[in-house]
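Written below as structure tokens is the structure these notes are about.
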Amino acid sequence: MFYSGILTDSGRKDADLREAATIRQQRRMKQAVQFIHKDSADLLPLDGMKKLGTSKDTPHNILQRRLLETNLSKLRTNRSTWAPKNDVSAQSKKQNQAKCESPRKSEDDDMIYVWCQCAGKDVRAQIDTSCPHSLIPAPCLDRLGLKEHFRSYKKEEEPPALPYSVKPLGQVERMAVMLGNTTVECSAIVIDNNDRNFSLGLQTLKSLKCVINLEQNQIEVGRTEIIPFIIRNTVREDQPSEV
């Protein structure tokens, strides 16, 4: 009981040994760090040493400056690849416009057009076998002189279903269409769309007894007449303008 809390000689020796071991370990760590810094600095190019500092700079400071320079160069490179918001929005608009225009061009390339007469006037007509009805855009009524024959749909009247997202306004009855020397009277639906062309639907094509020859790029009417397709960007000599 009287010797509790009092270090013996052997205990003091153990404490001294542990303290000495700790001091030696700390010295070894410092020597190892200094050796690593010195070895890394020796690996640096002489030009980099001159640029980064003077001979008074320690290897540790030189390495820190080299690391900072590398990080700054990476940051500048990343910033250069970033585009302002305005430029990004403008670029996205251009891409969207290109996407909208490219399908339209490809669709126009796939469409079939022929010259015909509607209400006694020459008109470029689209051959549309996907729609049973012939279609006339509303602005074409005045140019074709068919406004007097137009009948709008009533509220309680259900308009015919169309394979396109267009709004049917009404229809024109007993419209005279001449393809080659063959004339038929048919009805056509007037649509509220300025982008579409006047088109001959499947019912009108059947009435004209048309046979579409894709190999020869022509339409055979009644197996006696041949109507060639309109090649894109070409205009018939006797057709000054299209309706």
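Starting from 1, each residue takes its place in the sequence as its number. Hydrogens, waters and symmetry mates are skipped; everything else that's a heavy atom, side chains included, is used.
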Ser199 side chain to Asn197 side chain, donor-acceptor N/O pair below 3.5 angstrom: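 Ser199 vs Asn197: no donor-acceptor pair found between side chains.
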
Distance alone, cut at 3.5 Å: any donor-acceptor contact between the side chains of Ser134 and Gln203? no

Please give me the minimum heavy-atom distance between [X] and [Y], naming the atom from each residue.
{"X": "Lys121", "Y": "Gly145", "result": "NZ-N, 4.3 Å"}
{"X": "Glu225", "Y": "Asn181", "result": "OE1-N, 2.7 Å"}
{"X": "Pro160", "Y": "Pro168", "result": "O-CG, 4.4 Å"}
{"X": "Pro137", "Y": "Arg196", "result": "CG-O, 3.1 Å"}

Under 4.5 Å between any side-chain heavy atoms of [X] and [Y], yes or no?
{"X": "Ile191", "Y": "Lys167", "result": "no"}
{"X": "Asn193", "Y": "Tyr164", "result": "no"}
{"X": "Leu146", "Y": "Cys118", "result": "yes"}
{"X": "Ile226", "Y": "Ile219", "result": "no"}
{"X": "Arg124", "Y": "Phe198", "result": "no"}
{"X": "Cys131", "Y": "Leu202", "result": "no"}
{"X": "Val123", "Y": "Gln117", "result": "no"}
{"X": "Thr129", "Y": "Ile212", "result": "yes"}

Roughly how far apart are [X] [atom1] and [Y] [atom2], rounded to 0.5 Å?
{"X": "Ser187", "Y": "Met175", "atom1": "OG", "atom2": "CE", "result": "7.5 Å"}
{"X": "Asp142", "Y": "Glu148", "atom1": "CG", "atom2": "CD", "result": "10.0 Å"}
{"X": "Thr22", "Y": "Leu17", "atom1": "OG1", "atom2": "CG", "result": "10.5 Å"}
{"X": "Ile230", "Y": "Ile112", "atom1": "CD1", "atom2": "CD1", "result": "11.5 Å"}

Look at the side-chain heavy atoms of Ile, Leu, Val, Met, Phe, Trp and Tyr, link any pair under 4.5 Å apart, and say whether [X] and [Y] land in one connected group.
{"X": "Val184", "Y": "Leu179", "result": "yes"}
{"X": "Leu141", "Y": "Leu144", "result": "yes"}
{"X": "Val190", "Y": "Tyr153", "result": "no"}
{"X": "Ile227", "Y": "Leu205", "result": "yes"}
{"X": "Leu208", "Y": "Phe229", "result": "yes"}

Between Leu135 and Leu162, does a side chain to side chain contact (heavy atoms under 4.5 Å, CB included) hold up when you go through it step by step? CA-CA 10 Å; Leu135 303 179; Leu162 299 176; 4.1 Å; yes

Between Asp128 and Leu200, is the side chain to side chain contact (heavy atoms under 4.5 Å, CB included) condition met? List the steps. CA-CA 6 Å; Asp128 190 359; Leu200 298 178; over 6 Å; no

Is Arg151 salt-bridged to Glu157, cutoff N-O under 4.0 Å?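 Result for this pair is yes, salt bridge flagged.
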
What verdict does the side chain to side chain contact (heavy atoms under 4.5 Å, CB included) test give for Val177 and Thr183, after you've listed the backbone C-alpha separation in whole Å, the side-chain angles of each residue and the deciding distance to 0.1 Å? CA-CA 6 Å; Val177 176; Thr183 303; over 6 Å; no

